[in-house]
S.K.: 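Sharing a structure below in structure tokens format, with a few things to ask.
The chains referred to below are lettered A, B, ... by the order of the sequence lines, with proteins before strands, and numbering in each begins at 1.
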Number of protein chains: 2
Amino acid sequence: MRVLIVEDEKGILNFLKDGLQEENFAVDAAQDGNEGLELALTNDYDIVLLDWMVPGVSGIEICRQIRKQDISVPIIFLTAKDTVKDAVFGLEAGANDYIRKPFEFEELLARIRVQLRENGSEHARLEVGSIHLNLDTHQVFKGETEIKLTQKEFALLEFLIRNKDKVCSRTRIIEHVWDIHFDSDTSVIDVYINFLRKKLDTGDGKNHIGTIRGVGYIAREE
Amino acid sequence: MRVLIVEDEKGILNFLKDGLQEENFAVDAAQDGNEGLELALTNDYDIVLLDWMVPGVSGIEICRQIRKQDISVPIIFLTAKDTVKDAVFGLEAGANDYIRKPFEFEELLARIRVQLRENGSEHARLEVGSIHLNLDTHQVFKGETEIKLTQKEFALLEFLIRNKDKVCSRTRIIEHVWDIHFDSDTSVIDVYINFLRKKLDTGDGKNHIGTIRGVGYIAREE
DNA sequence: TTCATTTTTAAGCGAATTTTAAGAATCCGC
DNA sequence: GCGGATTCTTAAAATTCGCTTAAAAATGAA
């Protein structure tokens, strides 16, 4: 994943640079608007982080120019604490999200991930324990042997594994896997969890899909 | 954590309600502006979600009234897809953030968490002494070892820790954790405090949950 | 259309959670 | 130290929630 950071405060810039490099991003950085715009237009980034206030071409202008060139790279604005209104203008200018300073690196990362996910890239190996799935071929393997899953079973498993070690609430599951965004009183999830557990059963009673009562389910190594 | 939702579409309302309850929020809901305003002014919420377009008093008016009464609760607007400009008015009226419909529950939750964090408690990490909790995974740790808590136990602990070093009255606890808003003669709280103390016992007799006789309980480093 | 497969609904069971209740222990003012 | 009030502890009752199963409904291929 390749990222461009446009930010004039050297401290923040290095902080972001180091942090993102640790997360395996390839980082390009610019400390002023002209350089930033130049880079943004001549390279192919997976994500762009733009500070609002940089010397030279302003952040919002960079954003406009990028969109003007029909480049659809996700853009996240870094705005000063009390300029929420500016952030709105940023979104109008074509940004995908904004985050207010000071922010936690963790949160920035989360928002970057959201953008990358929506943008369809991000290739991590999807696996938990001896089970792994291949998105390209839509196959699931337990060790070497293939396991046949139906579409819904696959989708559910994919979602759980993408969120490995995080609890997936019923609400999130029904939203992401069934695409239901309103009140629904159903027990499909239970049934499908049951299907998956049976099919993925490693024989030794171990189970990679845990239940968090009252909340939802979680995929974990265990 | 206690939340007020003002939203007239029943489907969305229930969807939000269920989702937030899964995340341990005590949810109050209003389907029109008048009721929403009434609730907002007479109760003590941790966060308010306002739909822009509701019958009766408009969302923005509710927002103004809340600020007029010097109530500093974080407010997040839920706006229709293409009314970005309205969002600016909302923010000017005193809202803290906004989110465009349709949104993913996940994103809303992220924004709520940002607001809860920024509003005072400032503890990016919810912890007291050697005990810390992870909202993503719904896990509680005492040092390195995980402690299994039930939903109510978790919700109570979360509330106490968010209010670390502040006394939480029984009334506030029963309202924010159990969502009971009338005089009730129950001893659930005592029982659950007892559960928590047992489970969190650090062995050396130290206890992070103190009793303030005649008032309530408090989480502190000690 | 028919048949097989996938997806959803529904209901009973059982275990885990939550609540109630009541006696024991503790605290605090007198 | 006494007595009333408050909190703690325990056990049992009530309830909720997830698991499982079976069958109905929907989908789609032959």
Side-chain angles (χ1 to χ4, degrees), chain A residues 138 140 147-160 167-180 182-201 205 207-219, chain B residues 17-19 21-27 138 140 147-160 167-201 205-219:
Chain A
H138 250 249
V140 180
I147 300 187
K148 294 281 181 198
L149 293 189
T150 70
Q151 247 185 314
K152 273 276 144 62
E153 289 167 349
F154 189 91
L156 175 56
L157 181 60
E158 181 189 338
F159 182 72
L160 289 175
V167 173
C168 302
S169 71
R170 282 158 182 281
T171 302
R172 291 218 274 245
I173 292 174
I174 209 79
E175 208 179 13
H176 284 262
V177 180
W178 274 266
D179 204 20
I180 295 174
F182 43 85
D183 180 41
S184 82
D185 172 30
T186 172
S187 57
V188 246
I189 298 176
D190 307 52
V191 176
Y192 270 85
I193 289 287
N194 192 238
F195 288 164
L196 279 182
R197 281 177 175 160
K198 274 182 186 162
K199 288 195 178 180
L200 302 179
D201 188 15
N207 213 324
H208 292 298
I209 303 178
T211 303
I212 308 295
R213 198 161 220 269
V215 187
Y217 298 91
I218 185 171
Chain B
K17 205 170 168 179
D18 289 350
Q21 277 169 351
E22 279 171 357
E23 300 290 337
N24 291 329
F25 286 87
V27 182
H138 265 255
V140 180
I147 300 187
K148 296 277 181 201
L149 293 189
T150 70
Q151 231 188 336
K152 273 275 144 61
E153 289 167 351
F154 191 93
L156 175 57
L157 181 60
E158 181 189 339
F159 184 74
L160 289 174
V167 176
C168 301
S169 72
R170 280 157 182 284
T171 307
R172 256 170 68 74
I173 292 174
I174 207 79
E175 278 188 0
H176 287 252
V177 180
W178 271 266
D179 205 17
I180 295 174
H181 309 298
F182 42 85
D183 183 40
S184 80
D185 172 29
T186 172
S187 57
V188 247
I189 297 177
D190 306 53
V191 175
Y192 269 85
I193 290 287
N194 191 239
F195 287 165
L196 279 182
R197 282 177 175 158
K198 273 182 187 162
K199 287 194 178 180
L200 301 180
D201 188 16
K206 276 190 192 174
N207 213 324
H208 291 298
I209 303 178
T211 304
I212 308 296
R213 199 157 223 274
V215 188
Y217 299 91
I218 185 172

S.K.: Calculate, to the nearest 0.5 Å, the distance between atoms CD1 and CG belonging to Ile147(B) and Leu200(B) respectively.
M.R.: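 Between atom CD1 of Ile147(B) and atom CG of Leu200(B) there are 5.0 Å.
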
S.K.: Of the listed nucleotides (dT8(C), dT17(C), dT19(C)), which one gets closest to any side-chain atom of Arg213(A)?
M.R.: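 Nearest nucleotide to the side chain: dT17(C).
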
S.K.: Give, for atom NZ of Lys199(B) and atom NZ of Lys148(B), the distance between the pair rounded to the nearest 0.5 Å.
M.R.: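 The NZ atom of Lys199(B) sits 10.0 Å away from the NZ atom of Lys148(B).
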
S.K.: If I take atom CH2 in residue Trp178(B) and atom C1' in nucleotide dT17(C), what distance separates them, rounded to the nearest angstrom?
M.R.: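 Between C1' of dT17(C) and CH2 of Trp178(B): 12 Å.
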
S.K.: So what does Phe154(B) touch, heavy atoms closer than 4.0 Å: a base, only the sugar-phosphate, or nothing?
M.R.: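 Nothing, no heavy atom under 4.0 Å.
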
S.K.: Report the distance from atom CZ of Phe195(A) to atom P of dT6(C), rounded to the nearest whole Å.
M.R.: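 Answer to the nearest Å: 10 Å.
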
S.K.: Over the length of the helix from dT1(C)-dA30(D) to dC30(C)-dG1(D), how much do the five-pair end axes diverge, rounded to 10 degrees?
M.R.: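 It comes to 40° between the two terminal axes.
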
S.K.: Rounded to the nearest 0.5 Å, what's the gap from CD1 on Ile212(A) to CD1 on Ile218(A)? Could you check?
M.R.: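 These two atoms lie 5.5 Å from each other.
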
S.K.: Measure CD1/Ile193(B) against P/dT19(C) and give the value in whole Å, please.
M.R.: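 After rounding, the gap between these two atoms is 14 Å.
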
S.K.: Any idea which of dT17(C), dT6(C), dT26(C) is nearest the Thr150(A) side chain?
M.R.: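 Closest nucleotide to the Thr150(A) side chain: dT6(C).
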
S.K.: Which whole-number value in Å describes the distance from Glu153(B) CD to dT17(C) P?
M.R.: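 After rounding, the gap between these two atoms is 8 Å.
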
S.K.: Hey, what's the ring geometry for Trp178(A) with Tyr192(A), parallel, tilted or perpendicular (30° and 60° as the breaks)?
M.R.: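 Aromatic pair Trp178(A)/Tyr192(A) classed perpendicular.
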
S.K.: Earliest and latest nucleotide of DNA chain D, 5' to 3', sitting under 4.0 Å from a non-hydrogen atom of chain B?
M.R.: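 So the contact region on DNA chain D extends dA5(D) to dT10(D).
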
S.K.: Want to settle it: does Asn194(A) or Thr211(B) sit nearer the 5' end of DNA chain D, counting the closest nucleotide to each?
M.R.: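 Residue closer to the 5' terminus by nearest nucleotide: Thr211(B).
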
S.K.: Tell me which of Ser187(A) and Gln151(A) sits closer to the 5' end of DNA chain C, going by the nucleotide each one is nearest to.
M.R.: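 Comparing both residues, the 5'-ward one is Gln151(A).
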
S.K.: Compare all side-chain heavy atoms of Ile174(B) with those of Thr186(B) and state whether any distance is below 4.5 angstrom.
M.R.: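 Yes - at least one pair of side-chain heavy atoms lies under 4.5 Å apart.
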
S.K.: Asp190(A) CG to dA11(C) P: how many Å, rounded?
M.R.: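 Going from Asp190(A) (CG) to dA11(C) (P), I get 15 Å.
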
S.K.: Just the rounded figure in Å: distance from C1' of dT18(C) to NZ of Lys199(B).
M.R.: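 Checked: the NZ to C1' distance equals 12 Å.
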
S.K.: In this structure, how many angstroms lie between the C1' atom of dA22(C) and the CG atom of Asp185(B), rounded?
M.R.: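 Between C1' of dA22(C) and CG of Asp185(B): 13 Å.
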
S.K.: For the OH atom of Tyr217(B) and the CG atom of Leu196(B), what is their distance to the nearest 0.5 Å?
M.R.: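 The distance works out to 11.0 Å.
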
S.K.: At under 4.0 Å, does any side-chain N or O of Thr186(A) touch on OP1 or OP2 of dT9(C)?
M.R.: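 True: Thr186(A) side-chain N/O within range (under 4.0 Å) of dT9(C) OP1/OP2.
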
S.K.: May I have the distance from Leu196(B) (atom CG) to dT17(C) (atom P), rounded to whole angstrom?
M.R.: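 Checked: the CG to P distance equals 13 Å.
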
